Amino acid sequence: MAGTVTLGQALNRALRDALAADDSVVVYGEDVGPLGGVFRVTDGLTAEFGEERCFDSPLAEAGIVGTAVGMAMYGLRPVVEMQFDAFSYPAFEQVVSHVAKMRNRTRGRLELPMVIRIPYGGGIGAVEHHADSSEAYWAHTPGLRVVTPATPSDGYSMLREAVDSPDPVVFLEPKRRYWTKEEAVLPVRTAPMDRAVVRRSGDDVTLLAYGPMVETALEAAAAAAEEGTSVEVVDLRSLSPFDDATAAASVRRTGRAVVVHEASGFAGYGAEVAARLTEQCFHYLEAPVLRVCGLDVPYPPPVLEEHHLPSVDRILDAFDRLQWERTWTAAPAPAEVGA
Amino acid sequence: MAGTVTLGQALNRALRDALAADDSVVVYGEDVGPLGGVFRVTDGLTAEFGEERCFDSPLAEAGIVGTAVGMAMYGLRPVVEMQFDAFSYPAFEQVVSHVAKMRNRTRGRLELPMVIRIPYGGGIGAVEHHADSSEAYWAHTPGLRVVTPATPSDGYSMLREAVDSPDPVVFLEPKRRYWTKEEAVLPVRTAPMDRAVVRRSGDDVTLLAYGPMVETALEAAAAAAEEGTSVEVVDLRSLSPFDDATAAASVRRTGRAVVVHEASGFAGYGAEVAARLTEQCFHYLEAPVLRVCGLDVPYPPPVLEEHHLPSVDRILDAFDRLQWERTWTAAPAPAEVGA
Amino acid sequence: MKRSDDARGSAPPLPSVEPVGLVDPTGRRTEGAAYDTPEPGALLALLRGMVIGRRFDRQASALARQGRLAVYPSSRGQEACQVGGALALADRDWLFPTYRDCVSLVARGVDPVEVLTLLRGDWHSGYDPRRHRCAPQCTPLATSAPHAVGLAWAARRAGEDAAALVMMGDGATSEGDAHEAFNFAAVWKAPVVFLVQNNQWAISVPVDKQSAAPTLAHKAVGYGMAGVHIDGNDAAAVYAAVSQALEAARDGGGPTLIEARTYRLDPHTNSDDPGRYRDDAERARWEERDPLARLEALLRAEGALDDAAMDGFEKEAEITAAAVRERYSGDDETAPEDLFAHVYHSIPAQLERQRRDLLAEIGEG
Amino acid sequence: MKRSDDARGSAPPLPSVEPVGLVDPTGRRTEGAAYDTPEPGALLALLRGMVIGRRFDRQASALARQGRLAVYPSSRGQEACQVGGALALADRDWLFPTYRDCVSLVARGVDPVEVLTLLRGDWHSGYDPRRHRCAPQCTPLATSAPHAVGLAWAARRAGEDAAALVMMGDGATSEGDAHEAFNFAAVWKAPVVFLVQNNQWAISVPVDKQSAAPTLAHKAVGYGMAGVHIDGNDAAAVYAAVSQALEAARDGGGPTLIEARTYRLDPHTNSDDPGRYRDDAERARWEERDPLARLEALLRAEGALDDAAMDGFEKEAEITAAAVRERYSGDDETAPEDLFAHVYHSIPAQLERQRRDLLAEIGEG
Ligand SMILES: Cc1ncc(C[n+]2csc(CCOP(=O)(O)OP(=O)(O)O)c2C)c(N)n1
Ligand SMILES: Cc1ncc(C[n+]2csc(CCOP(=O)(O)OP(=O)(O)O)c2C)c(N)n1
Ligand SMILES: [Mg+2]
Ligand SMILES: [Mg+2]
């Protein structure tokens with residue numbers, strides 16, 4: 001498969017290849033069978049692999065995740081879909097009290113190699129409950145790996161890696177980017193899924209983004225370049241664990257950082273990014289790490305979502321607030337405090 | 001009621017007075033009736049007010065919160081108990097998708113004046129699922145008020161205020177402090193529940209804590225004083241909304257800050273505290289805001305919980321890492337960036 | 001053993017595996033029906049509601065096709081449930097509709113434009129829930145069922161003679177919240193009626209993948225509540241069954257679970273593609289069981305309806321559709337600052353700052 | 001209508017409102033019993049398991065009183081369920097116990113000391129789940145039920161002739177997860193047996209506040225699965241009913257919901273105070289329905305048990321208790337670095353830093 005591929009297609013191909021490679025992989029959830037999922041990410045899988053490998057279950061998210069726990073206990077590698085972000089909430093207890101803890105509870109005797117796919121985020125004009133960004137809930141929960149791809153290649157590679165992972169993975173799919181295209185050759189292996197990557201190099205500011213906001217961040221960086229500001233864009237990819245090395249190295253070099261996400265800012269994931277980069281890079285920072293996030297309101301109705309979502313303009317505004325007039329010459333590198 | 005009172009007794013008295021003051025208040029949940037709750041916070045309420053005002057419901061947390069939503073829609077003021085922190089998770093969808101959003105969804109036409117009481121946190125030697133600190137999940141959810149008292153007086157006053165609040169309140173009760181005593185006269189009104197308060201004044205460091213950790217913070221401040229460090233202890237009380245004014249004023253004055261909580265640090269509530277104080281006080285800070293938090297692991301079994309929980313020693317260690325050798329003379333106060 | 005099995009109720013009769021009806025698909029009264037057929041006035045009101053409802057639904061589908069609604073889940077084919085359920089309610093009762101139940105809201109008297117606010121994407125809900133005693137339409141499946149139970153419990157406590165009608169789909173019955181609501185209602189003997197519109201499909205998933213039970217109404221047995229299985233394309237039956245259940249509920253008889261067997265003729269929403277999962281022949285068979293034609297046939301055969309009356313209904317329907325179209329050419333009235341106004345009773349400082357920033361950004365600050 | 005009601009099963013017979021048994025409280029065989037009475041060998045094994053189980057339970061309660069366990073939820077009075085359920089399992093089957101089911105684990109052959117690891121507070125679970133085919137004991141109510149369904153489904157898919165037995169309490173049946181597990185099991189025809197130990201109380205809440213249904217077994221009807229209501233103090237009945245249900249499940253007959261009517265004689269846990277919510281007279285009446293005495297009486301009356309055999313069981317029980325006591329005087333083997341070792345397959349950098357910090361702090365770094 002070479003040529004133009006969308007994120008949705010890349011994810012579909014990853015599932016197909018995973019099903020073909022390993023008989024212990026099963027895919028199920030709501031409408032993932034004949035319909036192929038409401039976003040068609042599971043399109044054709046039932047036809048190709050049969051009802052035993054890709055199928056529709058009763059409509060109950062706790063039941064879906066809970067049965068997947070049992071399958072994984074047995075040794076299967078279930079990949080389940082939550083149809084939309086807010087519809088993963090009924091499964092919250094199963095995820096937090098079991099998926100995240102079973103390995104630890106049993107001293108590693110029961111691993112849960114399972115993947116919970118969640119299309120997340122807004123920007124598609126959807127009505128209430130169809131545009132939440134739930135990453136902070138999952139990232140705060142030890143025992144889960146939480147990853148989110150931003151490009152078709154990463155979608156393919158990270159999903160394959162998630163399915164192969166011995167740990168349970170919450171796999172967050174930026175739904176507004178399902179149709180994002182890339183020239184790619186599949187199968188492909190990109191960076192390991194627990195690594196951040198630099199998507200664009202720059203010297204003046206580090207812009208940290210993930211999932212749906214990576215594209216927006218790159219646009220902002222391009223716009224800033226025209227105004228003479230050189231922005232380095234870091235795609236975090238793995239929200240938990242966090243790749244300190246990549247992010248902190250960039251911030252130490254640029255001395256300024258902005259983190260961007262769609263979720264409400266308050267107690268959001270960006271707070272962790274800002275807090276830990278400040279801990280690790282304090283004396284390199286010319287200004288506080290700023291956050292450009294969704295407003296601290298419930299996700300708005302479609303006509304207002306543009307006001308909620310971080311935009312290129314808001315990111316550029318944040319750059320302007322990075323206290324450029326205050327640049328000091330770098331102090332001799334002090335010992336940094338541990339994370 | 002004057003004399004020595006425990007937090008548990010103060011909460012009980014608050015519920016009694018609320019039931020007596022307003023016929024629209026109802027209290028229910030698991031074992032809150034004749035048993036008086038596993039922590040006895042509802043002790044005697046059924047006997048005094050009858051089964052219609054305080055009663056046991058079927059054992060189902062989503063059902064409990066969901067029916068409370070309906071009661072509040074009708075105009076009652078339900079106060080429901082989740083028996084332990086981790087047992088609020090089955091109600092997560094009801095809380096996040098309805099309790100937090102109903103007012104906004106209906107443009108204020110349906111307010112939900114309800115209180116969800118959750119005993120939270122560890123330190124009592126309890127087995128798995130009985131010692132979680134779930135505040136980050138709730139605080140990240142716009143539409144909820146999230147408060148947590150640290151003293152008996154605050155327990156009384158804040159719970160009364162929570163019951164009277166037109167907004168839904170997640171009321172987090174630090175279970176290891178249920179037996180904490182104070183000389184108090186009840187009824188009492190302390191500071192409004194959306195305000196932080198300074199529990200101890202100091203000049204060198206601001207130590208921010210809430211709920212179960214306030215007592216630990218005060219102990220650490222006392223110990224630090226003996227070593228010559230003057231610590232100001234801020235009890236946040238309201239986790240959402242956050243009282244920026246009180247916290248930032250303290251940090252601007254001291255130039256150093258540590259935030260402490262039991263929950264795992266990663267993407268925990270302390271990240272928000274650190275990030276926003278850094279945004280608001282960057283040029284006053286002599287060192288990064290440090291976090292002393294639970295480890296990034298599932299809550300440990302009883303024999304290991306001492307290693308997980310923030311201790312006086314760990315807080316003192318954090319003070320030591322505040323880069324005292326680097327104190328600069330305060331720069332002329334620069335314009336601070338907005339939150 | 002004071003609180004043993006004896007203290008609990010005995011099993012109510014099992015629901016019928018074949019749906020119960022009053023009017024057969026050809027428009028004739030069925031023999032030995034389980035309910036009395038409603039009065040002609042009520043039947044005319046049902047027909048009128050269905051004619052208007054269907055026209056409204058068609059209009060909304062058209063708006064969705066034109067991109068003037070964010071999404072529209074049609075209830076074409078389910079009008080007997082939509083209207084029969086709504087008209088069975090007294091003014092003092094409450095309706096808890098889902099995203100699919102727009103026609104139900106219209107039948108209840110809610111302004112059709114306000115009904116569409118959610119689906120147009122202007123706000124999460126457009127009508128005043130208190131004025132109409134209609135909860136906002138609920139999207140997370142089964143989650144409004146416990147709300148209805150709590151509200152009904154509160155109404156009874158207040159001495160109000162009111163009940164609540166909860167709408168849900170066949171798929172929604174699989175959710176844990178449905179179970180918890182059924183159970184709370186039965187234990188509390190709350191005045192609630194659960195109307196499950198079994199339209200055979202939960203998006204692409206057929207009901208035999210949701211449940212292995214003989215009917216969904218059989219679930220009632222496990223809660224100790226009454227369960228009935230009715231023909232959901234028979235408006236008279238829906239009206240009668242819901243009316244009787246509401247009455248029993250108000251009289252302290254506790255909740256009833258009604259499964260109404262019907263069919264979603266249109267796609268799940270305008271963005272669905274049913275060709276991927278179901279036969280057109282199936283849909284065609286159900287088109288023949290049209291709830292409107294059936295009631296019209298009965299009323300005409302019994303001389304209770306003439307062309308003039310039918311024309312009148314259709315005219316009303318056109319007026320409703322035209323009003324929706326026209327009022328939709330106006331601007332929407334949602335303002336950016338509405339984002340902040342309703343999150344809390346009063347705006348916290350932090351939100352006030354965000355509000356000011358936004359207004360400044362869009363040049364209104 | 002291709003996937004209509006017809007495609008789904010017809011209703012299995014309703015469970016009996018009176019619990020079904022094989023041996024009456026005085027130790028005599030009941031007439032016209034629904035199951036064959038197990039062979040004498042099996043009955044002796046049940047009695048042996050119950051004698052050992054009760055002694056273990058008493059020992060654990062004593063340790064809890066001495067503060068040597070963090071908490072202990074006794075199952076005294078429920079031994080027929082604990083042992084009858086466990087012994088009905090084949091080695092290849094899986095057991096999904098709750099916090100209350102320690103005796104069940106002991107009967108299954110798990111090292112009693114490893115069973116108590118959770119309650120001693122040393123770790124969240126002490127035994128190897130794969131070795132014994134026992135899931136870790138589950139505390140969040142009803143949440144392991146879907147695990148069992150998924151595991152059983154996976155086992156069948158792998159061609160294994162194995163089934164899973166899920167234990168749960170009466171209170172747990174009110175949770176949404178119970179509903180979802182029942183439904184998935186029935187729709188998937190998963191080889192699972194749900195054994196509800198209705199011990200009349202969920203902490204302080206009596207079962208008539210949990211459910212208004214005639215029995216909890218009636219819930220089965222709503223899922224299209226078999227439901228049976230048995231005397232949970234009759235070990236022969238529990239063993240027979242669970243055995244038969246497991247067999248049916250393995251044969252592709254789908255799940256069964258068994259309600260076993262029993263009683264929790266002791267407090268909910270050692271820190272509970274049942275005087276606040278229940279009559280001592282109630283407890284006293286249930287003491288008379290003791291599952292051990294009943295089976296002992298039967299076996300003695302029928303000449304299958306003599307003093308020597310009974311002494312043998314009691315000696316084994318004492319040995320078990322003594323072993324628990326002794327091995328409990330040793331140090332616990334949990335090390336602080338265990339905190340980090342099992343969270344992920346390999347320790348991420350961030351945890352590794354926390355590990356090093358902790359070891360340094362406690363002087364082991
Ligand atoms: C908790 C939850 N999970 C998933 C969804 C996504 N979803 C919307 S409608 C639907 C199917 C519902 O089927 P049914 O209950 O039969 O109602 P119908 O749409 O047929 O009226 C699904 C899965 C949702 N809205 N809520
Ligand atoms: C989800 C959840 N909610 C609440 C609790 C707290 N809790 C522990 S045991 C118990 C009562 C359970 O009763 P039942 O299911 O009848 O089992 P029993 O204890 O009688 O064996 C409760 C409420 C829990 N463990 N899990
Ligand atoms: Mg449906
Ligand atoms: Mg019980």
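Every chain is numbered from 1, with letters handed out A, B, ... down the list of sequences. Because the structure is predicted, anything quoted here is derived from the model rather than measured.
The candidate from B/Pro166, B/Pro168, B/Pro58 with the greatest count of non-hydrogen atom pairs under 4.5 Å with chain C is B/Pro58. Ranked by heavy-atom pairs shorter than 4.5 Å toward chain C, the options B/Arg107, B/His98, B/Met73, B/Gln94 are led by B/Arg107. Of the listed residues C/Glu180, C/Gln350, C/His179, C/His147, the one with more heavy-atom pairs under 4.5 angstrom with chain B than any other is C/His147. Looking only at heavy-atom pairs under 4.5 Å with chain C, the residue among B/Val65, B/Asp243, B/Asp194, B/Asp23 that has the most is B/Asp23. Of all the listed residues (C/Ala152, C/Ser144, C/Ala155, C/Pro140), the one sharing the greatest number of non-hydrogen pairs under 4.5 Å with chain B is C/Ala155. The most heavy-atom pairs under 4.5 Å with chain C, out of B/Leu110, B/Thr106, B/Val26, B/Leu59, come from B/Leu110. The candidate from C/Ala349, C/Ala135, C/Gly150, C/Pro129 with the greatest count of non-hydrogen atom pairs under 4.5 Å with chain B is C/Gly150. When the candidates B/Gly108, B/Ala68, B/Gly143 are compared by the number of heavy-atom contacts under 4.5 Å with chain C, B/Gly143 comes out ahead.
Between C/Trp188 and B/Thr67, the shortest heavy-atom distance links the atoms CH2-OG1, 3.7 Å. Of all the heavy atoms in C/Pro146 and B/Gly63, the pair that sits closest is CB-O, 4.4 Å.
For chain B, the nearby part of C/Asp177 is the side chain; its heavy atoms alone come within less than 4.5 Å. Of the two parts of C/Phe96, only the side chain, counted from C-beta on, holds a non-hydrogen atom closer than 4.5 Å to a non-hydrogen atom of chain B. Of the atoms belonging to C/Leu351, not a single heavy atom falls under 4.5 Å from chain B. For C/Ala164, no part lies near chain B; criterion is any non-hydrogen pair under 4.5 Å. Residue B/Ser238: no heavy atom, backbone or side chain, is found under 4.5 Å from chain C. Looking at C/Val187, only its side chain comes within 4.5 Å of chain B, counting heavy atoms on both sides.
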Quick one, C/Tyr344 with B/Arg145, criterion side-chain contact (heavy atoms from CB on, under 4.5 Å). Give me CA distance, side-chain angles, the key distance, then yes/no. CA-CA 9 Å; C/Tyr344 296 95; B/Arg145 291 186 181 273; 4.0 Å; yes
From CA spacing to verdict: side-chain contact (heavy atoms from CB on, under 4.5 Å), C/Arg157, B/Arg53: CA-CA 10 Å; C/Arg157 176 183 186 272; B/Arg53 305 288 308 282; 3.2 Å; yes
Assess the residue pair C/His342 and B/Arg105 against the criterion (side-chain contact (heavy atoms from CB on, under 4.5 Å)); give the C-alpha distance rounded to whole Å, side-chain angles, the decisive distance to 0.1 Å, and a yes or no. CA-CA 8 Å; C/His342 310 297; B/Arg105 177 179 302 147; over 6 Å; no
Give the intermediate values and the outcome of side-chain contact (heavy atoms from CB on, under 4.5 Å) for residues B/Asn104 and C/Trp123. CA-CA 9 Å; B/Asn104 186 63; C/Trp123 198 257; 3.6 Å; yes
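Between the CZ atom of C/Arg130 and the OH atom of B/Tyr74 there is a distance of 9.5 Å, given to the nearest 0.5 Å.
Looking at B/Pro113 and C/His345, their side chains never come closer than 4.5 Å, going by heavy atoms from C-beta outward.
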